[in-house]
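These notes are about the structure you will find just below.
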2 protein chains.
Amino acid sequence: MPVDSGHPEPEGSGLSLRERKKQRTRRVLADTALRLFGERGFDRVTLEELTAHAEVGRTTFFRYYASKEDVAMAAEGELWDAYVARFARHTGPGPALTALRACLTQTILAMPAGWDRRFVASRRLAAGTPVLHHHSLVSSMRTAQRLIEVLERRLDTDSREDVRLRLLGELALGAWRCGARNWVAGRGEHETPVAARRPGHGGPALLARRVEESFDAIPAALALDLP
Amino acid sequence: MPVDSGHPEPEGSGLSLRERKKQRTRRVLADTALRLFGERGFDRVTLEELTAHAEVGRTTFFRYYASKEDVAMAAEGELWDAYVARFARHTGPGPALTALRACLTQTILAMPAGWDRRFVASRRLAAGTPVLHHHSLVSSMRTAQRLIEVLERRLDTDSREDVRLRLLGELALGAWRCGARNWVAGRGEHETPVAARRPGHGGPALLARRVEESFDAIPAALALDLP
DNA sequence: AACATAATGGCACCGAGTCCCGTTTCATGT
DNA sequence: ACATGAAACGGGACTCGGTGCCATTATGTT
């Protein structure tokens, strides 16, 4: 869809009028959703109300988002698309886990301005809404699957032949979940500087840091002893 | 609920008549569900039909299972309950990952007879039904969470303080997912003996073996190199 | 200006899940 | 054996997410 055909509109962001309208509708839906859900709770807002506020028909909504959960967690979806794309582009020898890790932090830091605010709003919703939390888990697992498929192509192997591929994908996203959880909780490895103010949780930089810390902890986790 | 109060029924499995009837209804629902879903597909069977075949009211169904997905994946739920219970009981020093691993394989091997057939039927359904696959992922993630809570109590730590706890929980269930996937696919580390006949997939023993292989592969996965 | 195509939104429909409430079935004490 | 209280049951109405159909409108093209 984002492929450029004839551009009759030299003005704007280089997209056709139709494309710009679609982008705009998509944004309006996501923004209104985050606002309404934040105000009154995910399950106390019906799609009827959401689409009314966004001034689109109910039918149109489903042409932009696959489900009510989907629009609430849109920010996460954008991160995963960017992550998989980056990892697929990434070329270079070295440890696979390091590559997975580097691509993830780079992706986080490269997300467009304002992304972190939308993301943290989603996470806040998910914290109090089981179905949203589930949606988040599933989307991260789907990301692991997509990473594995990239690895399979790169190494020309089947992940059923070599269990290591799947383990790596699972592990990378596991580390992400640890890091993200600690980020929204406002807790760090050692200290949480006062600078980590509530609303933004310190921004993408701190999120990336939390994820790095989780990756760092992997060897120590394997060695953890029970008393 | 399974606590023993006055037992007016010395006959049977040591449960009251009411309790036995409930167990029976629960089984009937799960069995009919697996049969109908297997015959015509998960989303081509309505709850109306399911409850009609099981001869219970629609209302009653939801007193036994939380959702349509839940009854389809009941076998998995039983495994997780048993796993968490065993790990909570498990006492003994040593590497935590080893304990998680041992408890999992022991739990698999200790599941009641016939469990593996129901389980493999569930997995087969899930393979062709996205919502069931999602349900499976979420229930394994919830299990990781429960294991983490056990670890927290054991070590008297918060998993936000010590990222290693969460990483371990994630890793254990990640290894499970790898092993289970290879088991249903009928693929092994090196070879798949002819003995691994289709329907039962070699039974719990082979499943446990696949999971062990996944745990074994963890160090090698961390060291995997990209060309 | 006329045409082709894509997006829109109204409408009817399906089915999962919740709630309420009257009825039935089991457990228990006399 | 029978009465009583509690628990399970099931019918029916309701909400709401999600799908399919189709006429209408808006955009891009010639």
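Chain letters run A, B, ... following the sequence lines, proteins first and then strands; every chain starts at 1.
When rounded to the nearest whole Å, the span between CZ of A:R24 and P of D:dT27 equals 11 Å. The nearest whole Å value for the distance from the CZ atom in B:R26 to the P atom in D:dA8 is 13 Å. Taking atom CD of residue B:E55 and atom P of nucleotide D:dC9, one finds them 14 Å apart after rounding to whole Å. Taking atom OH of residue A:Y65 and atom C1' of nucleotide D:dG17, one finds them 18 Å apart after rounding to whole Å. Rounded to whole angstrom, the span from the NE2 atom of B:H135 across to the P atom of C:dG17 amounts to 11 Å. Atom CZ of A:R20 is separated from atom P of C:dA7 by 16 Å (rounded to the nearest Å). Computed from coordinates, the A:R18 CZ to C:dT5 P distance equals 11 Å when rounded to whole Å. Atom-to-atom, CZ of A:F61 to P of C:dG10 comes out at 16 Å; the value is rounded to the nearest Å.
A donor N or O paired with an acceptor N or O is not found under 3.5 Å between the base of D:dG11 and the side-chain atoms of B:R58.
The B:K22 side chain lies nearest to D:dA8 when the options are D:dA8, C:dT18, D:dG28.
With A:E76 as the partner, the salt bridge (charged side-chain N to carboxylate O under 4.0 Å, His left out) test is satisfied by one option alone out of A:R123, A:R118, A:R142: A:R123.
Checking side-chain atoms of A:S140 against main-chain N and O of A:V138 turns up no donor-acceptor pair under 3.5 Å. No donor-acceptor pair closer than 3.5 Å links the side chain of B:H135 to the backbone N or O of B:V131. Under the 3.5 Å distance criterion, the side-chain polar atoms of A:Y83 are matched with a main-chain donor or acceptor of A:L100.
Looking at B:E149 and B:R153, no side-chain N of the basic residue comes within less than 4.0 Å of a carboxylate O on the acidic one, giving no salt bridge. Salt-bridge formation is detected for the pair A:D81/A:R146: a Lys NZ or Arg NE/NH1/NH2 atom is positioned less than 4.0 Å from an Asp or Glu carboxylate oxygen.
A ring-centre distance under 6.0 Å is not found for B:W176 and B:W183.
Not one side-chain nitrogen or oxygen of B:K68 sits closer than 4.0 Å to the OP1 or OP2 atom of C:dG15. Proximity of A:K21 to the phosphate of D:dT27: a side-chain N or O atom is located under 4.0 Å from OP1 or OP2. Between B:T60 and D:dG10 there is a side-chain polar atom (N or O) within less than 4.0 angstrom of OP1 or OP2.
Note on B:Y64: only backbone sugar-phosphate atoms sit closer than 4.0 angstrom, heavy atoms only; bases stay farther off.
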Nucleotide by nucleotide, 5' to 3', does protein get under 4.0 Å of the base (B), only the sugar-phosphate (S), or neither (-) in nucleotides 19-24 of chain C, counting heavy atoms? B-----

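Within residues 34-51 of chain B, the residues having any heavy atom under 4.0 Å from DNA chain C are, by residue number, B:V45, B:T46, B:L47.
Ring orientation note: the planes of B:Y65 and B:F61 are tilted relative to one another, at an angle of 30° to 60°.
When all heavy atoms of A:K68 and A:F42 are compared, the closest pair comes out as NZ-O, 3.0 Å.
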